[in-house]
Q: 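My structure is below; once you've seen it, I'll send some questions.
Every number for a ligand or one of its atoms is a count from 1 in the order of the listing.
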Amino acid sequence: MILVGFSITQKLISSHLVSGKMVPGEEIGLKIDQTLTQDATGTMAYLQFEAMGIDRVKTELSVSYIDHNTLQSGFENADDHKFLQTVAKKRGIYFSRPGNGICHQVHLERFGKPGKTLLGSDSHTPTGGGIGMLAMGAGGLDVAVAMGGGTYYITMPKVVNVKLVGKLSPWVAAKDVILEVLRQLTVKGGVGKVIEYTGEGVKTLSVPERATITNMGAELGATTSVFPSDEITREFLKAQNREADWVELLPDADAVYDEEIEIDLSALEPLAAMPHMPDKVKTVREIGPIKVDQVCIGSCTNSSLFDMLKVAAILKGKTVHPDVSLAISPGSKQVLKMLSDMGALSDIIAAGARILESACGPCIGMGQAPRSGGVSLRTFNRNFEGRSGTADAQVYLLSPETAAASAIAGVLTDPRTLGDMPEIEMPSSFIIDDNMIVPPASADEAEKLEIVYGPNIKEVPKGKALESELTAPAVLKVGDDITTDHIMPAGAKILPYRSNIPFLSQFCFRQCDENFAENCKKAGSAIVIGGLNYGQGSSREHAALVPLYLGVRAVITKSFARMHKANLINAGILPLTFKNEADYDRIDKDDMLSLPFIKDEILGDKEITLKNITKNETYTLMGGFSARQKDILLSGGLLNYTSGV
Ligand code: MIC
Ligand code: SF4
């Protein structure tokens, strides 16, 4: 056997490997050290945790954040916050109060540790890869299982070495690096892969810059992204008064990668992703000076102090263009407080920006929906159609520098036209005050505590055990790159019902077919047909739980996104793929379909027979489930499987 060196990814995986072999494509089990949840997925995750009957979390650290559902236009969100706070206190979980910031930003600042694994019920959990963590997004139920000490299973990824050379030119930002990676690899390019950044260029990027890049690796569909933990990481942790958490984590000199690309940082220029996909990337110059209605700066991708200081320096002494509304949400209380103490907040306010609380805000449609047909420039990570809250808004994704320059000019502006870039002095230490993080009660004290359930909290739907045969109509046929925002939209009006699946169900697939929910109910059992990369985007298990509630039993596609496929299995819905992609074209909406031998075929690892009763045709599908996944499907989902039902 020839021994070769390990990549960072392989080091992180091998040190947490519970089961399986590190062979790409094989299922592996990982020990999870830390978990995080946010409020929009957390309520369901903790309801499921409660259903498992475990007293206290068994991780090294679990944190529950409130950052998504912060617009309280009714009692629902505040009720869920109370539920989350009381569960956290009782079950041994740290609770980050509303106002303390966006989960990924705060976790990086206060809790993340190089060399550890982190599982979060949010797709942008890979932000932690910016300090050398193996940080992955997952459905709430997977996170609940990990909190209970359970193993987390993934397919052993391929590792892509993104070798960075050179140094960014003035006015070119980390956002432009990840936009370039998206341009090259596309939103499907990272599926089944970890994106590992190496090369001399890495040393020129600070931790917040690295975190922007790993955060938005989620848009590649990647399992996660990771940077080395080096002296720059140590400096960052030292500035957070956490130097003791630092360990060095570098790839071996002879590490072997499955794929490699090289990016010359010095050759990059300001980029933007055009409506409505993060990989529709062009240079700002190519797109030209389009008129802008709104600029939003913030989100877990670009809300660090470094980003905000750059924005403040650009806005200083200027006024936001009269036709533009500029909204800014600093990523955390720490960022906001430091901006304020350093005087930069004053420059931002003076320029006319609308300061929002430290939360997800407009990124998830929680306010600041643009005007009809309006152009909105955002430093965020997703620009899926309708996500902003305005169906026909045109959302562009770009760097804070480009956003601030455009907010002043009123048109999309290449920041390099502004002359010399202002020097940004980063402080050598941050203000440390964790007063908005509530520690859990001691085990003794916890016994006496009650969990408070609001009236908006309804039962978690449970799947049905796999039957030997399944017949159902194709209630919906959709194309490629369907996102979880299509399946289960978010936004200010819908998000408050994340713990009320019956209510939520009326909005399922609304954007694709407004009668979807009704048609499913009429059919009793239903099948959905999809194209490539079905379910890309968020980790929200609601995109599986709601279809489950509506009677969807199988989803048949050309391919699936990783987290959504796992969520479907966890819900007891069959994710199946066409053996011959051309068969997708042979099925029409409302065709009656049958899987006559489904149970035997799945259990026997056979190809799966799909009969189109309407057209009198037969096609072949693929399942490809691990032994564990088969058991989960047999039990009717992970919750039944875990509780032995
Ligand atoms: C998102 O950015 O889409 C979200 C909202 O953060 C989701 C989680 C959710 O739907 O609650 C994600 O990215 O996983
Ligand atoms: Fe929040 Fe947006 Fe980040 Fe999702 S992508 S966690 S909604 S800031």
Q: When Y534 is tested against each of D480, D481, V528 for side chain to side chain contact (heavy atoms under 4.5 Å, CB included), which residue passes?
A: V528
Q: Give the C-alpha distance, both sets of side-chain angles, the deciding distance and a yes or no for side-chain hydrogen bond (donor to acceptor under 3.5 Å, both in side chains) between T35 and S62.
A: CA-CA 5 Å; T35 64; S62 287; 2.6 Å; yes
Q: With rounding to the nearest 0.5 Å, note down the distance linking CD1 in I66 to CG in L84.
A: 4.5 Å
Q: Near A40, which atoms of ligand 1 are under 4.0 Å from a heavy atom of that residue?
A: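 Near A40, meaning under 4.0 Å from one of its heavy atoms, ligand 1 has 11 (O).
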Q: So H124 and H104, would you call those rings parallel, tilted or perpendicular, with 30° and 60° as cut-offs?
A: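 Correct class here is perpendicular.
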Q: Any idea how Y197 and F227 line up, ring-wise: parallel (<30°), tilted (30 to 60°), or perpendicular (>60°)?
A: parallel
Q: Identify, by atom number and element, the atoms of ligand 1 in contact range of R382, meaning under 4.0 Å from any of its heavy atoms.
A: 1 (C), 2 (O), 3 (O), 12 (C), 13 (O)
Q: Any ion pair linking D80 and R498 (charged N to carboxylate O, less than 4.0 Å)?
A: no
Q: Once rounded to the nearest 0.5 Å, what's the spacing between atom OG1 of T37 and atom CD1 of I93?
A: 7.0 Å
Q: For ligand 1, indicate whether the residue D122 contacts it via side chain, backbone, both or neither (heavy-atom separation under 4.0 Å).
A: both
Q: Tell me the protein heavy atom at minimum distance from atom 7 (C) of ligand 1, and give that distance in Å.
A: S538 CB, 3.3 Å
Q: Counting heavy atoms only, name the option from H68, E541, R498 that's nearest to atom 11 (O) of ligand 1.
A: R498
Q: I need the protein N, O or S atoms closer than 2.8 Å to atom 1 (Fe) of ligand 2, given as residue plus atom name.
A: C360 SG
Q: Taking only Lys NZ, Arg NE, NH1 and NH2, and the carboxylate oxygens of Asp or Glu, determine whether E401 and K175 approach each other closer than 4.0 Å.
A: no
Q: Measure the acute angle between the ring planes of H564 and F560, then classify it against the limits of 30° and 60° as parallel, tilted or perpendicular.
A: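 Rings of H564 and F560: tilted, 30 to 60°.
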Q: Under 4.0 Å between a Lys/Arg side-chain N and an Asp/Glu carboxylate O for D79 and K82?
A: no
Q: Pick, from C103, S539, A543, S299, the option with the minimum heavy-atom distance to atom 14 (O) of ligand 1.
A: S539
Q: Considering non-hydrogen atoms of the protein only, which is the closest contact for atom 13 (O) of ligand 1, and what is the distance?
A: S123 OG, 2.5 Å
Q: Who's the nearest protein heavy-atom neighbour of atom 10 (O) of ligand 1, and how far?
A: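 Going by distance alone, atom 10 (O) of ligand 1 is nearest to R540 NE, 2.6 Å.
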Q: Would you compute the distance between atom CG of N302 and atom CZ of R378 and round it to the nearest 0.5 angstrom?
A: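 Answer for the CG-CZ pair, N302 versus R378, is 13.5 Å.
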Q: Counting non-hydrogen protein atoms only, what is the nearest one to atom 8 (C) of ligand 1? Give residue, atom name and distance.
A: Q38 NE2, 3.2 Å
Q: Using a strict 4.0 Å cut-off to heavy atoms of N381, name the atoms of ligand 2 that fall inside it.
A: 5 (S)
Q: Looking at R387, which atoms of ligand 1 are within less than 4.0 Å of one of its heavy atoms?
A: 1 (C), 2 (O), 3 (O)
